[in-house]
Amino acid sequence: MENFEFVSPTHFAFGRDAEAQVGAKLANQGAAKVLLHYGGGSAERSGLLGRVRESLAAAGIKYVELGGVRPNPEITLVREGVALCKQHGIDWVLAVGGGSVVDSAKAIAVGARATCDVWQFFETKQQTNDVLPIAVVLTIPAAGSEASPNAVVSNDELGRKTGYGNDAQRPKLAFLNPELTFTLPPYQTAAGLTDMFCHLLERFFDDYGAVPVTDNLNLSLMKTIRTEAPRVLANPENYDARANIMWAGMLCHQGLAGVGRHEDWATHGLEHELSAFDTSITHGAGLAVMFPAWMEYVHGENPARFAFYGREVFGLVTSGDVEADAFSAIDETRSFFASLGMPTTLAELGFDEARLEEAIADMLPTLAANKGNPFGSFKRLSMEDAAAIYRSAL
C-alpha cells in the first residue's frame, strides 16, 4: 500500500426530506448570507428550490441566487458567481443540483477570496486554503462531487475542459434525499451509474499491486451498482435502490476507494476532451464508449488484473487462459454499459471517420496540456496511443 493522505470533512444529512434541514444546519455553522447556485428549471418546477428558500428564510439566512449552470459547467458563469460573492459579502456557497452545479459552486468558492482570475487555479493547480465553505443539496447521484476534492470546468473560449483538486473545496455539508432522484430521466440515471462505475475502474486499474482493503471496498461498490442499476431503471421510485445508488455514488469518488493506490484517470482525460469538443456529449455516455476501448488497448500490462475483476464483479468462470479471461471481463463491461442504454461506440455519438480525425487533431494538444505526455499509470500513454484509442472506439 502506498502512502496517502485522506481528508473527509463532509457532514451528511441523508434520507427523506433532508433538504428541510438546510437552513438550520447552515445557521448552526454561522452562515449569514449564501449564494444559492443551481442549474436549469427542473429544481424550480419540482418545488425543491422553493423548499430550500423557505428553509433558509426560516433560519434567518439571506441569499443571492445564480442559476443557469449547464452540463459541463463553464468558466463564464463561475466568474459571474465570484463577482456576486465579492459584491454581496457571501459567506457560504449552496449548490442545489448535480455534479455540474457542485463543480461550478466549488470553482466559485475558490475564486471568491482570490485576487487572481479563478481560471488560474485550473491552469496552474495552485493550492489555496482560503475557500468559501460549500453546502450541497444533491439531485443527481453520479459525479460524487458532494464529498470529493475535485471540480471540472470548461473554458469555451480556450476550448479547454480541465479539473482542479483541493481538499479545501470539499463540501462541508451535503443533503442527500433519494426521493429527489425519482424523476430523473432514464438516460440521466444510466449516465450517472456509468460515471460511478468508471470512478471505481480508474482506481482499481493502476500500476500498483493488490491493496486488499481498498480493492475489496472498490469491488463491493461495483457489485452494488450492478445489482441496483436494473432495479432502479425498472422502477424509478424504488426508494431503497435509489438510496443505495446515491450513497454508492458518493463513496465511488470521495477517495476511500483509491487510498494506497496511484489511480489512473487516463480514460477520464480522454473523455473530457470529447465532451469539450462536443458539449452535447454526456460525460457518462462518453465514458461508456472510452473505457472499454482503453481496457482493450492496455490490458496486456496486467491481464490477470482484468481476469480477477471479471471473476469478482461479473462472476466469470476461469477458463485457464488469462488473456481470454481478460477479454471476457472487458466484453462484460461493455455489455453492462449497453444494458443501461449507454452508447458503446463513437459512431453512436455522431462521429464518422472524418469527424473523428478532425476531433483528434483538436483534442490531442489540450489532452497533453491537461494530462501531460505521457499520461496514465496502468500503462503510460503517449499522444499516439491516445489517438489509437480514439480510433478503436469508432
Side-chain angles (χ1 to χ4, degrees), residues 142 186-206 218-219 221-233 245 248 252 264-275 281-319 321-353 356 359 376 378-379 381 385-394:
Y187 189 84
Q188 200 164 27
T189 297
L193 289 163
T194 303
D195 195 11
M196 295 175 202
F197 199 84
C198 291
H199 286 157
L200 299 170
L201 293 176
E202 296 281 18
R203 293 175 163 94
F204 189 76
F205 292 103
D206 69 359
N218 195 312
L219 292 166
L221 288 166
M222 288 185 193
K223 288 186 278 191
T224 296
I225 292 167
R226 280 201 65 232
T227 299
E228 300 297 348
R231 294 178 68 208
V232 79
L233 290 173
I245 287 168
C252 289
D264 188 78
W265 298 104
T267 309
H268 268 70
L270 292 166
E271 194 293 317
H272 285 160
E273 298 307 321
L274 273 180
S275 50
I281 295 175
T282 302
H283 178 54
L287 287 172
V289 172
M290 295 311 304
F291 230 111
W294 173 86
M295 287 174 148
E296 288 178 344
Y297 194 83
V298 307
H299 80 280
E301 296 297 302
N302 189 350
R305 184 74 172 168
F306 282 91
F308 172 61
Y309 153 76
R311 292 193 300 273
E312 294 296 316
V313 177
F314 297 104
L316 299 179
V317 177
T318 302
S319 70
D321 183 335
V322 174
E323 180 83 359
D325 290 348
F327 271 106
S328 293
I330 296 167
D331 289 341
E332 287 293 329
T333 305
R334 184 179 280 113
S335 296
F336 172 55
F337 294 153
S339 76
L340 302 178
M342 288 287 97
T344 57
T345 67
L346 287 176
E348 294 175 72
L349 292 175
F351 288 87
D352 57 19
E353 188 173 337
L356 179 57
F378 187 82
K379 176 181 173 66
L381 300 173
D385 292 321
I389 294 170
Y390 283 127
R391 291 182 182 116
S392 73
L394 187 58

message: Can you tell me if E353 has over 12 outside heavy atoms packed within less than 6.0 Å of its CD?
response: no
task: Step through it carefully: locate the ring centre of Y297, locate the ring centre of W294, and say whether they are under 6.0 Å apart.
output: no
- prompt: Is the closest side-chain heavy-atom distance between I245 and M196 below 4.5 Å?
  reply: yes
- request: May I ask you to test the I389-L270 pair for a side-chain heavy-atom distance under 4.5 Å?
  value: yes
Distance-only donor-acceptor hits, side chain of residues 303-314, under 3.5 Å, sequence neighbours excluded:
residue: R305; atom: NE; partner: F204; partner atom: O; Å: 3.1
residue: R305; atom: NH1; partner: D215; partner atom: OD2; Å: 3.3
residue: R305; atom: NH2; partner: F204; partner atom: O; Å: 2.9
residue: R305; atom: NH2; partner: D215; partner atom: OD1; Å: 3.3
residue: R305; atom: NH2; partner: D215; partner atom: OD2; Å: 3.3
residue: Y309; atom: OH; partner: T333; partner atom: OG1; Å: 2.6

- request: With sequence neighbours excluded, tell me which residues meet salt bridge (charged side-chain N to carboxylate O under 4.0 Å, His left out) with E296.
  value: R334
query: Atom CG in L201, atom OG1 in T267: separation rounded to 0.5 Å?
result: 8.0 Å
Listed partners of A338 passing side-chain contact (heavy atoms from CB on, under 4.5 Å), at least two apart: T344
Those residues that, when tested against S339, pass side chain to side chain donor-acceptor pair (under 3.5 Å) (two or more places apart): none
Counterpart residues, side chain to side chain donor-acceptor pair (under 3.5 Å), relative to S335 (two or more places apart): none
field: Heavy-atom donor-acceptor pair, N218 side chain to L200 backbone, under 3.5 Å
entry: yes
- line: Sorted by chain and residue number, the salt bridge (charged side-chain N to carboxylate O under 4.0 Å, His left out) partners of E228 (sequence neighbours excluded) come out as R231
- request: Taking the six-membered ring for Trp and the single ring otherwise, decide whether the centroids of F336 and F197 are under 6.0 Å apart.
  value: yes
task: Could you tell me whether a side-chain N or O of T282 sits under 3.5 Å from a main-chain N or O of G284, the two making a donor and an acceptor?
output: no
